[in-house]
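Everything below concerns the one structure shown next.
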Amino acid sequence: MMNNSETPSLIFQGVKIIDTFAEAFPITGTRVIVTAVSREWAFIAATTSTGYASSVIGCDTEAGIERELSPDETPDGRPGFSLLFFAFSREALQKAIVARVGQSILTCPTTACYNGLPIDPSRAIQIGGMLRFFGDGYQTSKLLDGKRYWRIPVMDGEFVCEDKFGTVKGVAGGNILILATTQALALQAASRGVAAARKVPDVLLPFPGGVVRSGSKVGSKYKKLKASTNEAYCPTLRAIAASQLDPNVSAVYEIVIDGFSREAVEAAMKNALHAACGEGVECISAGNYGGKLGPVHIRLSSLIS
Amino acid sequence: MIRLSYLSSSKIPLEAECITPDFFLGKTYSEISKLPVFDGNRKCELGQFFSISGTMDDDSILIENDCSNVKLIGSRMTRGKIEVLGNVGMHLGAGISGGSILVRGSATDWVGAEMKGGTIEILGDAGHLIGAAYRGASVGMRGGNLIIHGSCGNEVGSHMRRGLIAIGKNVGDFVGMGMIAGTIITAGSVGIRAGAEMKRGTLVFLTERPALLPTFRFSCDYDPAFLTIYFNKLKQFNFPLLNTISPWSRYCGDLISLGRGEILCKAN
């Protein structure tokens, strides 16, 4: 295997950019608006409902906070957060969100939950319409301008949840790999990249803090595992595995990006790549599986031209 | 835009249910002027009572002069827009299922009776039985928005099933009588027996808590998040929303009926 010093590359802002591509794949996504009486309670609902949702390899959905919303931006005039959820199908997405809203938002004091996308009836998923049964017959609904809002009685008043949520066919798995001389500088670069990527609307960085340290490859020597550590990018294995790392690289971080469109993911990758280039960053690459896994190929060279 | 100017000063009511974008669409002047109307019980032509000008290029109709005696304008329309610069007669927009009607004057009884969709906005007052069911019918308004900036008479929203009625000033007796579902918001004073026999639905009284029927029972004071969605909707119509801060008192009723309705009014 060639390491990164031998593969074709470009130079951008003094950093080597490997001439490769991020391999992404289609995924179904939706936007959930959660509100509460205060920013604090809305944040609690947002974080708990999007927890344990970093990768569909091991979670029912990829989810996270897109951005904070001011009271002027929410349907009920209260503080809120915009959450993005992604799954392989509408059925899987509905199942995951019903469970997460039911367990983590409905249960959270003063919250309400609204759809954040235009609704195409043929592609909508039902959330409030499933959760309403918790009302045990005491639930009521309001229909205004074609949108149905379920009102479910709870112990601090009522939980309001929109009946249907729109979905879009998006793109998951956009990514860049940041290879740096030290762990500290690699993390600084990754943090810069995350902050820049998050400025793009319609994208989600599903991993903790937006950064992945455990880049994976498909499969494992253990048959039960679908994915395992990517030894080619582990600096501690450089001496014993087929490494992709130059001798002066001591740490690698990955930024993974899902989005509602290829354009949004590309824009976020571009922002991340540009922001990550800096002190101690030796090289930026991208994860792919030779083009066999996903049909969406985003070339790093297109992000620096 | 087709422009209609009402020419008659007769006190005999004119039934002109042909005045809708649906009827006018694709017709020439002469065809429009020959559309049937009833002057009392006498069948006539629209052109005998209105001067007609303009074209139907943008699906809209503008009506000028005082049409207080013209009934059924916009009834059963499904599309387009009607704007009336003066007053209108009974049954405005009755059975409408789409499009919008704006009246810059006042209307009388049965505005939006049994309407199914669309929007009716009246900048002045309206009469009795707004959005109501016709006598003998079991269901009144079934959808859409009915916005009255002035005052209304009795039995507003009688037997309504769905939709929004908002009244900027005062409303008479029996508002929401026999209501099946839907929402009525009033910003002024309220007559007696509000919500009598309502099964479900919501009555929101922004400025005063009227004497409620004994078959309404207090539940709690709370902050219903869904109300803001309605208030935001009403802001689109410059509706007077001076007193929308929580908490709200919730009364459930009418307990002689199903009892799943609610009256929301300002908590003390």
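Per chain, numbering begins at 1; letters A, B, ... match sequence-line order. Treat the numbers as computed from the prediction; the structure is a model and nothing was measured. Only heavy atoms go into these numbers, but all of them, side chains included; no hydrogens, no water, no symmetry mates.
- Proximity to chain A among residues 115-134 of chain B is not found for any residue, judged by heavy-atom separations below 4.5 angstrom.
- Both the backbone and the side chain of B:Tyr230 come within less than 4.5 Å of a heavy atom of chain A.
- Of the residues listed (B:Phe216, B:Phe205, B:Phe218), the one engaging B:Tyr251 in a ring-ring contact (aromatic ring centres under 6.0 Å, His included) is B:Phe218, and it is the only one.
- Only the side chain of B:Asn145 has a heavy atom closer than 4.5 Å to any heavy atom of chain A.
- Between B:Ser138 and B:Ile180, the closest heavy-atom pair is O-CD1, 3.7 Å.
- Counting only distance, with no hydrogens or angles, the side chain of A:Gln94 and the backbone of A:Ile127 share no donor-acceptor pair below 3.5 Å.
- Heavy atoms only, all atoms of each residue included: A:Val194 and A:Val211 are closest at CG2-CG2, 3.6 Å.
- Ranking A:Gly157, A:Gly77, A:Pro75 against chain B, the residue ahead of the rest is A:Pro75, based on heavy-atom pairs under 4.5 Å.
- For the salt bridge (Lys or Arg N to Asp or Glu O under 4.0 Å) condition, the pairs that include at least one residue of residues 239-264 of chain B, sequence neighbours left out, are A:Arg151-B:Glu262, B:Arg250-B:Glu262.
- How far NZ of A:Lys270 is from CD1 of A:Ile298: 13.0 Å, rounded to the nearest 0.5 Å.
- B:Arg79 places no side-chain N or O within 3.5 Å of a backbone atom of B:Gly99 that could act as its donor or acceptor partner.
- The aromatic rings of A:Tyr114 and A:Tyr149 sit perpendicular, their planes meeting at an angle over 60°, well past the 30° parallel limit.
- With a 4.5 angstrom heavy-atom cutoff, B:Leu164 touches chain A only via side-chain atoms.
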